[in-house]
Amino acid sequence: MFTGGKSFVSLPPAFSNDAKRLLVCTGNTVSIFSTSTGLQTCELEGHEAQVTSVIVVPATNPTSKVLCYCWTSSLDGKIRYWDFAAPELMKTIDIRFRIHSMVIPSLLHPRNDSTGKLPDLYAYISTEDVKQEGKPSSFGIQKCNLTKSRIVGGVTLAETRKPGHVTISPSGKYIGTCEKRKLRIWEIPAKDSEHVGYKKVRLHHTRSITTMAFHPTERVVAAGDVTGRILLWRGVGRETFSNSKSSNGRMNTDGEDRPGVRDTDDADSCTTWHWHSSEVNVLFFSSDGAYLYSGGKEGVLVVWQLDTGKKKFLPRIGSPLLYFINSPDPTLSSISCADNQIQLLRMPSMEILRSISGIKLPSSHMDMYEGFGSVVVFNPTAGLIAVPAENYRVQFYSLFDDREISQVQICERNHQPGDEITVKVNLVALSRDGSTMCTVETRLPEEGIGSLVTLKFWVCGSQKKQVSLSTVIYEPHRDAEISCIAFRPTGNMAVSSSHGGDFKVWVHRHELTPKDETVQRSGWKCHAVGSYKKKPMSTAAFSSDGSVLAVAADKVITLWDPDRNTLLAVIGDSLEPITNLTFIGKSEYLVSASASRGSKSSNPQLTVWSMSKLCVAWSYRLDIEAITCSMDDSTFAVLARSKPNGSADESSQHAEDMILLFNAEKAVPLSVWFVSKAQGGGLSFVSSDEDKVSGTKATDEVLAYINGAREYVLLNPHSEQDISRQRGFTNLDDTDTHGYASVYGELPEFSLKADQTAFPSMPSGKTWKGIFSGPSHALPPLPKLCSDFLESLLERRSGVVE
């Protein structure tokens with residue numbers, strides 16, 4: 001099955017030992033990207049549910065850096081061991097519990113027993129035991145023997161109320177979890193086995209804790225809370241982990257000796273830092289322990305100096321931060337951002353080298369503001385989609401390559417999480433050939449004054465990498481909101497409809513400038529204005545040849561000649577306002593969907609109209625989210641939402657959404673696919689690319705469905721056989737430099753053969769100091785240099801003997 005649009009930032013990624021690869025959890029798979037190019041190189045497939053952790057087996061010596069092994073866990077209850085260079089599955093462990101998080105301390109400090117054999121490898125996992133229906137699930141932290149492929153019986157470190165993330169210290173000596181207002185920290189024994197005991201420490205706070213981090217060398221623990229504070233406990237577990245008690249045999253609870261420490265918490269001191277305005281998502285110590293990195297919703301990475309509390313910043317990242325990960329190469333790190341983007345940083349300058357971008361996730365403001373554009377727009381001929389994103393941007397994304405092409409900034413705005421939304425991008429539309437994009441934005445009024453609707457036309461270059469603004473039109477329909485934008489398939493014409501009761505036809509024209517007749521000035525101008533009984537115009541569509549324009553006026557459909565702006569006919573009288581309108585390919589049929597504007601509709605309907613008879617051909621009572629039609633034949637597909645009926649039984653409450661494929665001449669569906677998350681989703685026929693989609697030809701069309709979570713799948717409308725992706729991943733081509741070379745440049749290549757070239761002698765008239773000029777690594781060997789140096793000090797005589 002051809003799928004894409006997965007989240008890259010649901011979990012922290014992991015670097016390979018040579019820092020040339022980045023392993024990213026993407027749904028049921030692990031995608032592997034090149035850190036030098038940012039492109040995907042391979043994929044680990046095998047899990048049947050979401051992957052919840054990926055752990056790279058660290059190198060024990062410099063020669064083992066080429067080894068590429070990792071462990072993964074998943075909600076399917078399986079732990080898998082991979083060789084991700086091949087890629088190849090090496091081992092599978094089924095523990096039959098959902099795994100939400102996993103750490104393997106033994107990998108960070110491997111030890112041999114007295115016989116020289118490697119001891120058993122243990123993992124600590126956050127599990128969920130799903131009970132029967134009606135009973136709540138139970139959560140806990142358990143121990144798994146990876147060597148013997150089984151759960152260690154009778155060992156449960158903790159029982160929790162909900163699944164939590166397990167954090168491990170860089171040394172592998174401690175693990176911990178956050179649970180509401182407290183931290184739980186366990187010490188992992190140096191010689192781990194199935195029958196060892198564990199020492200535990202609890203640290204308390206007055207606010208809910210969101211994240212935690214361990215110092216690499218000292219017993220220092222950092223935690224962030226929901227208010228933006230960072231707490232730094234020093235000397236954690238001095239009494240518990242070291243078995244040292246105070247003189248009276250009890251823990252010292254004197255507040256003056258332990259400033260900032262609450263109650264009986266086992267710590268020497270607790271310091272509070274506060275810069276973030278909202279909850280802290282990122283906490284990470286530098287490898288030397290001198291700095292602490294923090295981040296949150298502000299989109300700013302803060303670097304704290306641990307000894308002094310001084311800080312510096314990497315601002316304007318543009319999205320809330322989720323994770324910060326160091327690589328084995330000290331000059332390379334990564335930041336995972338909430339806009340489904342991973343930034344690769346050059347350290348310590350914190351320069352952004354490149355980005356790994358997934359499809360933009362739905363904006364958090366789309367549910368807060370009515371009319372906020374969230375529908376994905378398709379370019380059927382190029383296999384691209386235009387995705388509305390945060391900060392007033394539109395992302396162009398390739399369906400076949402599953403990667404970002406470019407981004408367009410609709411209007412300027414820096415990421416400020418505390419600011420109120422002042423502008424909303426309502427609509428985005430693309431012409432059929434993809435050469436023109438149209439956007440509608442609304443500036444919200446301040447205290448009821450100052451609302452402004454703006455219509456913009458954009459010129460799109462090849463592959464949408466270059467997009468420039470062509471025309472700006474303020475208040476095209478006075479103060480009314482625009483409900484729909486539609487482009488004419490055969491020419492430079494577009495129509496905009498409004499809830500104010502009119503529609504406008506726009507044409508693209510070229511004019512010669514009066515000063516220089518050789519220079520052309522192009523733009524979009526209003527060609528005609530139409531209305532029907534002052535009824536609100538909700539949607540519009542052109543016929544395949546562009547000769548007829550259909551505009552929905554409340555509950556009826558008006559047919560117009562777009563060139564002459566004359567009303568041709570009026571058809572229909574639906575029970576609900578018409579929300580969607582599309583001509584079915586080159587056939588004589590028109591399909592419409594009607595429903596009330598709110599989320600609840602009592603009489604939704606799908607109707608197919610005959611244009612030759614101007615009457616209803618057939619109809620269904622369906623709640624339609626999206627409609628798409630084939631560009632050539634008479635087939636069309638609809639995305640129907642499941643709408644529980646009050647008179648239905650309980651099982652209807654869990655009905656699935658559907659994609660129905662029809663031939664316009666028959667009311668019986670040709671195919672049915674059951675899908676999920678249809679609300680806010682989109683549907684379109686797309687021209688296939690036989691080089692990237694197996695089982696199809698260049699002339700075929702595939703059906704693309706994207707759900708409300710921006711996950712998409714390509715379906716085969718002509719056959720029951722699934723289509724799949726042609727594995728055309730890029731090779732790992734390391735064109736960037738790391739480590740010593742990234743700071744000082746590449747070292748010169750030295751030959752192992754002895755250099756027999758004589759060092760040129762210098763005349764005695766020149767100073768001997770010139771021999772030693774230049775960098776030390778470029779000088780000849782000392783024996784050769786010494787002989788030539790002494791020779792340069794001697795005066796040369798002629799070889800004549802008397």
Side-chain angles (χ1 to χ4, degrees), residues 3-13 22 24-31 33 38 40 50-52 210 278-279 281-282 295-299 317-324 334-343 355-369 371-378 384-399 401-410 413-417 421 423-428 439 464 625-626 639 657 675-683 704-713:
T3 59
K6 301 168 185 175
S7 173
F8 291 174
V9 296
S10 58
L11 292 160
L22 185 68
V24 181
C25 299
T26 51
N28 299 357
T29 63
V30 176
S31 300
F33 295 86
Q40 187 172 350
Q50 181 181 358
V51 178
T52 55
T210 56
S278 56
E279 66 180 73
N281 297 327
V282 174
K297 290 186 177 180
E298 304 86 2
I317 297 178
S319 180
L321 308 186
L322 299 179
Y323 308 106
F324 179 87
S334 75
I335 301 177
S336 300
C337 304
D339 62 350
N340 205 20
Q341 187 169 239
I342 299 176
Q343 308 275 14
S355 300
I356 300 174
S357 298
I359 193 169
K360 296 303 179 186
L361 304 179
S363 170
S364 58
H365 306 294
M366 292 178 181
D367 298 331
M368 298 170 55
Y369 295 91
F372 208 105
S374 61
V375 179
V376 172
V377 181
F378 291 83
L384 301 179
I385 53 176
V387 184
E390 293 268 11
N391 296 333
Y392 314 135
R393 294 179 179 177
V394 173
Q395 178 195 43
F396 287 101
Y397 199 84
S398 172
L399 293 173
D401 296 327
D402 194 14
R403 64 184 179 91
E404 177 186 284
I405 301 299
S406 64
Q407 291 189 42
V408 181
Q409 187 74 45
I410 303 302
R413 176 181 185 266
N414 292 328
H415 174 71
Q416 296 291 340
I421 295 298
V423 178
K424 60 180 181 180
V425 179
N426 306 74
L427 294 172
V428 179
T439 61
K464 308 299 176 293
E625 182 71 23
L639 176 60
D657 304 322
V675 296
S676 60
K677 305 175 186 177
Q679 185 171 0
L683 195 67
Y705 163 63
I706 183 168
N707 62 21
R710 305 280 168 84
E711 302 165 337
Y712 67 85
V713 61

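Keep in mind the model is a prediction, meaning the values are calculated, not measured.
Looking only at distances, no side-chain donor or acceptor of Gln341 sits under 3.5 Å from a matching main-chain atom of Ser357. Listed for the Arg393 side chain is no donor-acceptor partner under 3.5 Å among the backbone atoms of Ile410. Judged purely by atom type and a 3.5 angstrom limit, Gln40 has no side-chain atom pairing as donor or acceptor with the backbone of Asp401. At distances below 3.5 Å, at least one donor-acceptor pair connects side-chain atoms of Gln409 with backbone N or O atoms of Asn391. Under the 3.5 Å distance criterion, the side-chain polar atoms of Asp402 are left unmatched by any main-chain donor or acceptor of Gly4. The main-chain N or O of Ile359 is found under 3.5 Å from a side-chain atom of Asn340 such that the two form a donor-acceptor pair. In this structure a side-chain-to-backbone donor-acceptor pair under 3.5 Å is present from Ser319 to Asp339.
In this structure, the side chains of Ile317 and Ile335 come closer than 4.5 Å at one or more pairs of heavy atoms. Two residues are said to be in side-chain contact when any heavy atoms from C-beta on lie closer than 4.5 Å; Asn281 and Leu321 fail this criterion. A 4.5 Å side-chain heavy-atom check between Gln50 and Cys25 finds every atom pair outside the cut-off. The shortest side-chain heavy-atom distance between Tyr323 and Ile342 does not fall under the 4.5 Å cut-off.
Take Tyr705 and apply the side chain to side chain contact (heavy atoms under 4.5 Å, CB included) test, not counting sequence neighbours, and it matches Leu639, Ile659, Val675, Ala678, Leu683, Asn707, Val713. Take Thr210 and apply the side chain to side chain contact (heavy atoms under 4.5 Å, CB included) test, not counting sequence neighbours, and it matches Val226, Glu279, Val280.
Residue Tyr397 holds its OH atom at 8.5 Å from CD of Glu404, rounded to the nearest 0.5 Å. The OG atom of Ser336 sits 10.5 Å away from atom CZ of Phe324, with the distance rounded to the nearest 0.5 Å. Note that the CD1 atom of Ile385 and the CG atom of Leu399 stand 4.5 Å from one another [nearest 0.5 Å]. Between Cys337 atom SG and Leu361 atom CG the span is 11.5 Å, to the nearest 0.5 Å. To the nearest 0.5 angstrom, Arg403 atom CZ is 15.0 Å from Phe396 atom CZ. Note that the CG atom of Asn426 and the OG1 atom of Thr439 stand 9.5 Å from one another [nearest 0.5 Å].
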side-chain hydrogen bond (donor to acceptor under 3.5 Å, both in side chains), that's the test. Do Glu625 and Gln679 meet it? Break it down for me. CA-CA 7 Å; Glu625 182 71 23; Gln679 185 171 0; over 6 Å; no
Should Ser334 and Gln343 be marked as a side-chain contact (heavy atoms from CB on, under 4.5 Å) after you check the CA-CA gap, both sets of side-chain angles, and the distance that decides it? CA-CA 5 Å; Ser334 75; Gln343 308 275 14; over 6 Å; no
Working note: Thr3 + Tyr712, criterion side-chain contact (heavy atoms from CB on, under 4.5 Å); need CA distance, chi angles, decisive distance, verdict. CA-CA 6 Å; Thr3 59; Tyr712 67 85; over 6 Å; no
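Shown here for Gly358 and Gln395, the closest heavy-atom pair between the two residues is O-NE2, 3.0 Å. In terms of heavy-atom proximity, Leu322 sits nearest to Val9 at CD1-O, 3.6 Å. Of all heavy-atom pairs between Arg710 and Pro388, the closest is NH1-O, 3.3 Å. The two atoms that bring Val428 and Ala386 nearest to each other are CG1-CB, 4.3 Å, heavy atoms only. Minimum interatomic distance between Val24 and Pro13 (heavy atoms only, all atoms of both residues): CG2-CB, 4.2 Å.
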